[in-house]
Amino acid sequence: MSATTYPNYSPGLEGVIGGITTISEIDSDRSSLVYRGIDVHDLAEKGSFEETAYLLIYSKLPNRAELENFREVLGKEREVPEQIYTVMKQLPKQTHPMDMLRTAYSALAPFDPDYAEPATNHDANVRKAVRIIAKASTLVANGHRIREGKDPIKPNPDLSIAGNFLYLLHGGQVADDFTTLVMDASLTLYAEHGYNASTFACRVTVATLSDLYSGVVSGIGTLKGPLHGGANEEAMYMLQEIGSPANAEAWIRDALANKKKIMGFGHREYKKGDSRAMFLTKVAKEIGARKGNTTWGEIADTLERVMLEEKGLYPNVDFPAAYAYFLLGIPIDLYTPIFVVARTTGWTAHAIEQLDNNRLIRPKCIYEGPQNQPFIPIEER
Ligand SMILES: CC(C)(COP(=O)(O)OP(=O)(O)OC[C@H]1O[C@@H](n2cnc3c(N)ncnc32)[C@H](O)[C@@H]1OP(=O)(O)O)[C@@H](O)C(=O)NCCC(=O)NCCS
């Protein structure tokens, strides 16, 4: 039977309205994205990731005193219990950082001082959200150190989230302003995106009256896949495989002829382009120019032209993010974990919104299996 037999069924839930939110709005026709009414470009250009996180969690931009206090709390909550590092160290060497991160958040839950609070305690959920957001950059960077056989180092409470991530990644060295600024803006662009797969998974989890950490663990597991957040890593591996601008056109035409999915292109919501990608492409090109390496930008231009000509598809945010991060010297398998650092804000904002006005999320499915089968005793099977 085909899907067209069922008028109320939309494969992949495409176009289905799954809920009401006040957190963000995607306008597919205008390729725009706003967080609580504010254009994401304004936040990325004029604000900081901390202001974005505050906006998502507390529903308004902070004033100076509120921001100062928020930064202080985030700085204090940045430390990770030693026991979590012990858990992370037990994982096999080949563990992907996303799996390490998922495990770390799972193990962190009972360490939260509000662990015993009921799932619908709004204030406790906000406190948990802040702790979850605060620890992400430390977990990703120190997780990277652990798998390199190095000891975790103490996070720096005086730096921004972007700054702390780079500081730990570079073994306790503060990054330059430009690198920190680019990282910060990319976190803002990645922070929130409506009912995307990982956020929806997070909402489904907490809607059973489970807790915020379980929601985040669901989110990380869902984000990992290459059709979602994992695309930024896959896009960079693809750019590396292409290797030079001279190879780009033949490579992409061959890939399309072989019906390959090109990672970092296409989007369920944006059919006329992803504005985050437009913004980050400019940033990635600027990094390339500053570093004297325009190779990736040139390959990207060819891929974008051919994808539009042949498939009518535009790049999504993961495409420029891939070579922007590469040019900043970030290990490729940390790209999706960086997405987690950003998205802990959107996930927890959605989890709080869900729990503030909760109803179990439980859609229907259509049964197409066999009917009226006899039970055959085991010795006759
Ligand atoms: C994002 C994505 C999962 C959206 O999926 P979707 O809304 O279910 O769209 P579909 O996968 O059904 O794609 C619709 C058509 O466009 C094609 N298409 C979509 N994205 C494509 C891509 N990146 N490369 C090649 N073809 C693509 C599909 O093959 C399909 O063609 P068909 O109708 O001839 O079979 C999809 O575009 C994709 O897989 N992109 C690559 C992964 C990626 O970058 N993910 C990050 C998203 S932010």
Side-chain angles (χ1 to χ4, degrees), residues 2-4 9-18 24 26-29 31-33 40 44 98 186-202 219-242 248-281 284 296 299-300 302-326 332-333 335-340 342-343 346-347:
S2 82
T4 49
Y9 170 50
S10 172
L13 301 184
E14 181 167 3
V16 171
I17 294 167
S24 70
I26 297 168
D27 185 331
S28 311
D29 285 332
S31 298
S32 76
L33 171 64
V40 69
M98 284 295 276
S186 77
L187 293 179
T188 291
L189 295 174
Y190 264 141
E192 159 57 14
H193 212 213
Y195 267 40
N196 59 88
S198 57
T199 300
F200 191 59
C202 179
I220 296 172
T222 310
L223 188 73
K224 181 186 162 190
L227 296 189
H228 193 2
N232 56 13
E233 295 179 17
E234 295 302 324
M236 194 61 226
Y237 292 126
M238 172 183 75
L239 290 172
Q240 281 186 318
E241 189 187 321
I242 296 169
E249 179 126 10
W251 190 96
I252 185 77
R253 290 196 183 278
D254 182 62
L256 290 178
N258 286 301
K259 307 243 168 288
K260 253 188 152 179
K261 262 216 163 162
I262 311 303
M263 291 298 147
F265 282 84
H267 200 278
R268 176 65 66 77
E269 289 292 317
Y270 299 118
K271 301 301 178 197
K272 298 178 184 169
D274 174 344
S275 68
R276 300 167 304 167
M278 300 168 201
F279 182 97
L280 214 50
T281 299
W296 310 114
I299 299 177
T302 303
L303 264 49
E304 287 181 28
R305 174 174 54 76
V306 176
M307 284 300 282
L308 195 58
E309 268 169 33
E310 297 298 321
K311 305 285 291 183
L313 291 174
Y314 292 88
N316 58 56
V317 66
D318 290 318
F319 189 59
Y323 62 99
Y325 290 154
F326 190 82
I332 297 175
D333 60 5
Y335 298 0
T336 320
I338 292 171
F339 196 156
V340 173
R343 194 54 67 86
W347 289 334

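Since this is a predicted model, take the numbers as computed values, not measurements. Throughout, residue positions are numbered sequentially from 1 according to the sequence presented. Whatever order the structure lists ligands and atoms in, that order sets their numbers, starting from 1. Quick note: numbers below take in every heavy atom, side chains included, and nothing from hydrogens, waters or symmetry partners.
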Legend entry - Sole candidate of Trp347, Phe279, Tyr335, Phe339 that passes ring-ring contact (aromatic ring centres under 6.0 Å, His included) when paired with Tyr190: Phe339
Inset, instruction - Can you measure from CG (Leu239) to CD1 (Ile332) and round to the nearest 0.5 angstrom? - result: 9.0 Å
Inset, instruction - Answer with yes or no whether the side chains of Asn232 and Thr336 bring together a donor and an acceptor at under 3.5 Å. - result: yes
Inset, instruction - Enumerate the atoms of ligand 1 whose separation from the nearest heavy atom of Ala231 is less than 4.0 angstrom. - result: 43 (C), 44 (O), 45 (N), 46 (C)
Inset, instruction - Answer yes if a protein heavy atom lies under 4.0 Å from atom 48 (S) of ligand 1, otherwise answer no. - result: yes
Inset, instruction - Please report the closest heavy-atom contact between Gly264 and Ala231, naming both atoms and the distance. - result: N-CB, 4.2 Å
Legend entry - Heavy-atom protein contact below 4.0 Å for atom 27 (C) of ligand 1: yes
Inset, instruction - Ignoring hydrogens, tell whether any protein atom lies closer than 4.0 Å to atom 44 (O) of ligand 1; use the non-hydrogen atoms only. - result: yes
Legend entry - Side chain, backbone, both or neither: the part of Leu313 lying under 4.0 Å from ligand 1 by heavy atom: side chain
Legend entry - Heavy-atom protein contact below 4.0 Å for atom 22 (C) of ligand 1: yes
Inset, instruction - Look at atom 34 (O) of ligand 1 and say whether a protein heavy atom is found at less than 4.0 angstrom from it. - result: no
Legend entry - Approximate separation, where rounding is to 0.5 Å, of Tyr270 OH and Ile26 CD1: 4.5 Å
Inset, instruction - Using distance alone, determine whether Met307 and ligand 1 share an N or O pair under 3.5 Å. - result: no
Inset, instruction - Using a 4.0 Å heavy-atom cut-off, say whether Pro226 meets ligand 1 through its side chain, its backbone, both or neither. - result: backbone
Legend entry - Asp318-ligand 1 polar pair, N/O distance under 3.5 Å: no
Legend entry - Mode of Leu227 contact toward ligand 1 - side chain, backbone, both, neither (heavy atoms, under 4.0 Å): both
Inset, instruction - Verify the contact flag for atom 8 (O) of ligand 1, where contact means a protein heavy atom under 4.0 Å away. - result: yes
Inset, instruction - Answer yes or no: does an N/O atom from Arg276 fall short of 3.5 Å to an N/O atom of ligand 1? - result: no
Inset, instruction - Give a yes-or-no answer on whether the side chains of Arg268 and Asn196 include a donor-acceptor pair shorter than 3.5 Å. - result: no
Legend entry - Residue and atom name of the nearest protein heavy atom (relative to atom 1 (C) of ligand 1), distance in Å to one decimal: Gly266 O, 3.8 Å
Legend entry - Spacing of Asn316 atom CG and Met263 atom CE [to the nearest 0.5 Å]: 10.0 Å
Legend entry - Residue, atom name and distance, where the atom is the protein heavy atom closest to atom 24 (N) of ligand 1: Ile262 N, 2.9 Å
Legend entry - Presence of salt bridge, Glu309 and Arg253, under 4.0 angstrom: yes
Inset, instruction - Identify, by atom number and element, the atoms of ligand 1 in contact range of His228, meaning under 4.0 Å from any of its heavy atoms. - result: 45 (N), 46 (C)
Legend entry - Lys311 and ligand 1 - part of the residue with a heavy-atom distance under 4.0 Å: side chain
Inset, instruction - I would like to know whether Asp274 and Glu269 meet side chain to side chain contact (heavy atoms under 4.5 Å, CB included); could you show each step before the answer? - result: CA-CA 9 Å; Asp274 174 344; Glu269 289 292 317; over 6 Å; no
Inset, instruction - I would like to know whether Phe265 and Phe319 meet ring-ring contact (aromatic ring centres under 6.0 Å, His included); could you show each step before the answer? - result: CA-CA 7 Å; Phe265 282 84; Phe319 189 59; 4.7 Å; yes
Legend entry - Distance-only N or O hit between ligand 1 and Leu256, under 3.5 Å: no
Inset, instruction - Look up atom CZ in Arg276 and atom OG in Ser186, then write down how far apart they are to the nearest 0.5 Å. - result: 11.5 Å
Inset, instruction - Indicate whether atom 13 (O) of ligand 1 is within a distance of less than 4.0 angstrom of some protein heavy atom. - result: no
Inset, instruction - State whether the shortest distance between N or O atoms of Arg268 and N or O atoms of ligand 1 falls below 3.5 angstrom. - result: yes
Inset, instruction - Do me a favour and list the nearest non-hydrogen protein atom to atom 38 (C) of ligand 1 with residue, atom name and distance? - result: Lys261 NZ, 3.5 Å
Inset, instruction - For atom 41 (C) of ligand 1, find the nearest protein heavy atom and state the residue, atom name and distance (0.1 Å precision). - result: Phe265 O, 3.4 Å
Inset, instruction - Look at the aromatic rings of Phe326 and Trp296 and report parallel, tilted or perpendicular, splitting at 30° and 60°. - result: perpendicular
Inset, instruction - Kindly determine whether His228 and Thr222 satisfy side chain to side chain donor-acceptor pair (under 3.5 Å), including the steps that lead there. - result: CA-CA 8 Å; His228 193 2; Thr222 310; over 6 Å; no
Inset, instruction - Give the C-alpha distance, both sets of side-chain angles, the deciding distance and a yes or no for ring-ring contact (aromatic ring centres under 6.0 Å, His included) between His193 and His267. - result: CA-CA 12 Å; His193 212 213; His267 200 278; 5.3 Å; yes
Legend entry - ligand 1 contact by Lys260, heavy-atom criterion under 4.0 angstrom: yes
Legend entry - Pairwise distance CD1(Ile252) to CD1(Ile262) - rounded to 0.5 angstrom: 4.0 Å
Inset, instruction - Would you verify that at least one protein heavy atom lies under 4.0 Å from atom 30 (C) of ligand 1, or report that none does? - result: no
Legend entry - Contact atoms of ligand 1, heavy-atom distance to Gly264 under 4.0 Å: 43 (C), 44 (O)
